[in-house]
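Below you'll find the structure I mean.
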Amino acid sequence: MSTAAAAPVRQLDPHSVGELRTAAEKILGEFGTSATSPRLLARVEESAAEFGATLRHHCRPVDTDDGLFVLRGLEVDDAQVGPTPPGWAHAGDSGAVHDIVLLLLASVMGNPIAWQGQQDGRFVHNIVPSPGHESEQTGASSAVLLSPHTEDAFHPGRAHLLMLGCMRNHDRIATTAASVRKVRLTDEDVELLSRPALPILPDDAYAEAQGYADAAPPPVPTLFAAEDGLTLRFDPAYTPLDQADEEYRAAYQRLEDELARVSVAVSLDPGEVLVVDNDLVVHGRVPFKARYDGTDRWLKRASVRVPGRRGRPLAEADEHGYGQAALEAHAA
C-alpha cells in the first residue's frame with residue numbers, strides 16, 4: 001500500500017482499467033513504439049474520445065483544496081518493464097505501453113503538451129536519477145531535496161496539470177506536494193506577492209532557454225487571486241530573490257514556510273498516477289541515494305493544458321517564454 005493516503009485517491013474500476021489497457025496495447029501494436037508522431041497522437045485522441053463516462057468521471061478536474069489526487073488501479077509488471085534507464089536519453093521505448101496509457105489519460109483530462117527543448121520533444125518524459133546530475137534542481141537529481149516548485153514556472157504556457165505515473169519505487173521515495181489553498185498568509189503578504197516583482201528563470205533542464213538574450217526576463221507575480229481562489233507561480237531555486245527588497249523577501253519566505261507546513265509526502269506504488277493542479281500545488285522530491293543498478297525510482301511524466309481554463313494573469317500573454325515553444329498533442 002502506498003502512502004497516497006496523504007492525498008485524495010480515485011480508485012479506477014476494472015472496466016476502466018481494461019479500457020485503458022486495451023486501447024494502449026492496440027495503439028502500441030499498430031505503431032510499434034510510443035515515440036510520438038502526428039499519426040500516433042491522432043490515434044490517441046480518437047481512442048480517448050471513445051472512453052465511457054465512468055473513466056471520464058475518474059479523470060474529472062481536481063475538486064478539493066488539496067489540489068491533487070492519485071489514480072489507483074493500474075498495474076506495472078516490474079520484470080516486464082525491464083531495468084530503470086540510467087537517464088532519459090537511454091529510455092527509448094522502455095515501458096512503452098505505459099507511455100501510451102499516460103497519454104490517453106492526459107487526453108481525457110485536456111491536451112498533452114511537450115517542449116521542443118526538453119527530452120527531445122517527447123510528450124511523456126522518463127524521470128530517473130542520472131549520473132552526474134545528482135545535485136541539480138531537476139528531475140534527474142537524487143542526492144538533494146528537489147525544492148517545491150511550479151512545473152515549468154518560467155513559461156506562460158506551462159501545464160495546468162502535471163501527471164506522474166509510477167513505474168518503480170522500491171525505496172518508497174516520496175514526492176512532496178503543498179497547496180496554496182491551505183496556507184495562512186496575511187492580506188499584506190498576499191498583496192505584496194501579487195505584484196510582478198521578480199522574474200522566474202528557466203531551470204537547468206532548458207539549456208537553450210538559459211541562453212536566451214533577446215529580451216529581459218519579465219517580472220511575474222508569485223500569487224494571483226483567481227475567481228475560485230488563490231493560485232501561485234513559484235520556483236525559489238530559479239527566482240533571483242537577492243534582487244528584491246527586504247520586505248518582499250520576508251513575505252516570500254513566509255510563503256515558503258507555509259508551503260512547508262502544509263506539505264504532504266506521497267510515496268507512489270507502481271501503477272499509481274499522481275495528478276497535480278500546477279496552478280495550486282508546488283511539488284518536489286525528498287533526497288535519496290541512487291544505485292544506478294536498474295532498480296532506482298522511475299516515474300513517467302506528462303504535462304496537460306486544459307483548453308478554455310482561466311485563472312492566470314492576462315499579462316502572461318505578453319511574455320516571451322525565453323524562446324521556448326510548447327508542442328500541443330491535439331492542436332485545435
Side-chain angles (χ1 to χ4, degrees), residues 7-8 10 59-71 105-106 108-115 139 146-164 175-185 189-203 218-239 251-252 255-256 258-260 262-264 266 273-284 301-319 321 324 326 328:
R10 298 182 185 177
C59 295
R60 67 191 182 277
V62 170
D63 52 9
T64 71
D65 283 345
D66 300 278
L68 52 80
F69 60 86
V70 173
L71 276 178
L105 286 168
V108 174
M109 296 182 192
N111 191 357
I113 62 171
W115 299 93
L146 183 60
S147 299
H149 62 283
T150 301
E151 187 73 3
D152 299 320
F154 74 95
H155 202 283
R158 63 196 178 280
H160 293 111
L161 301 175
L162 177 70
M163 304 176 66
L164 297 173
T175 298
T176 61
S179 171
V180 71
R181 298 280 170 88
K182 294 195 167 187
V183 303
R184 294 196 295 260
L185 294 172
D189 281 346
V190 172
E191 193 279 329
L192 187 59
L193 294 173
S194 298
R195 301 174 188 171
L198 295 172
I200 299 176
L201 305 175
D203 64 56
V220 300
T222 298
L223 299 177
F224 180 73
E227 289 182 2
D228 60 346
L230 208 57
T231 66
L232 85 170
R233 185 176 180 181
F234 184 80
D235 195 347
Y238 294 95
T239 299
Y252 197 97
L255 171 60
E256 198 163 359
E258 274 294 291
L259 290 169
V262 303
S263 180
V264 297
V266 183
V273 180
L274 175 63
V275 181
V276 172
D277 188 313
N278 199 40
D279 287 332
L280 305 187
V281 172
V282 293
H283 70 283
R301 179 178 67 198
S303 297
V304 185
R305 285 184 187 160
V306 180
R309 175 166 161 169
R310 299 179 180 177
R312 293 177 178 173
L314 296 177
E316 289 193 10
D318 297 324
E319 293 179 27
Q324 294 300 292
E328 296 190 359

- prompt: Would a 4.5 Å heavy-atom cut-off, applied to side chains only, mark F154 and L201 as touching?
  reply: no
For residues 221-232, which side-chain donor-acceptor pairs fall under 3.5 Å, sequence neighbours excluded?
residue, atom, partner, partner atom, Å
T222, OG1, Y248, OH, 3.1
D228, OD1, R181, NH2, 3.2
T231, OG1, F224, O, 3.1

field: Distance in Å, L274 CG paired with L162 CG, rounded so as to fall on 0.5 Å steps
entry: 7.5 Å
- prompt: Can you tell me how far the CG atom of L259 sits from the OG1 atom of T176, to the nearest 0.5 Å?
  reply: 10.0 Å
message: If I take atom CZ from residue F234 and atom OG1 from residue T150, how far apart are they, to the nearest 0.5 angstrom?
response: 8.0 Å
statement: Correct closest heavy-atom pair for I113 and G157 would be CD1-O, 3.8 Å
field: Closest contact, heavy atoms only, V108 versus C59
entry: CG1-CB, 3.7 Å
query: If you look at every heavy atom in A7 and L68, which pair is closest and at what distance?
result: CB-CD1, 3.1 Å
field: Partner residues of H283 under the ring-ring contact (aromatic ring centres under 6.0 Å, His included) criterion, sequence neighbours left out
entry: H149
Option passing salt bridge (Lys or Arg N to Asp or Glu O under 4.0 Å) with E151 (candidates R301, R305, R158): R301
field: Which residues share a side-chain contact (heavy atoms from CB on, under 4.5 Å) with D318, sequence neighbours left out
entry: none
query: Are N278 and H160 side-chain neighbours, meaning at least one heavy-atom pair lies under 4.5 Å?
result: no
message: Give me the atom names and distance for the closest heavy-atom approach of G110 to V304.
response: CA-CG1, 3.6 Å
message: Evaluate S179 against D66 for side chain to side chain contact (heavy atoms under 4.5 Å, CB included), listing each step before the verdict.
response: CA-CA 6 Å; S179 171; D66 300 278; 5.7 Å; no
- prompt: Hey, what do you get for OG (S303) to CG (N111), rounding to the nearest 0.5 Å?
  reply: 11.5 Å
- prompt: Less than 4.5 Å apart, any side-chain heavy atom of E256 and any of P236?
  reply: yes
message: Are D279 and R309 packed together at the side-chain level, in the sense that at least one heavy-atom pair is separated by less than 4.5 angstrom?
response: yes
message: Looking at every non-hydrogen atom in both residues, tell me the closest pair between M109 and L161 and how far apart they are.
response: CB-CD1, 4.0 Å
task: Run the salt-bridge test on E319 and R233 with the 4.0 Å N-O cut-off and return the result as yes or no.
output: yes
- request: Quick one: pull up OH in Y252 and CG in L198 and give me the separation to the nearest 0.5 Å.
  value: 8.0 Å
message: Looking at every heavy atom in both G67 and L280, which two are closest together, and how far apart are they?
response: CA-CD1, 4.1 Å
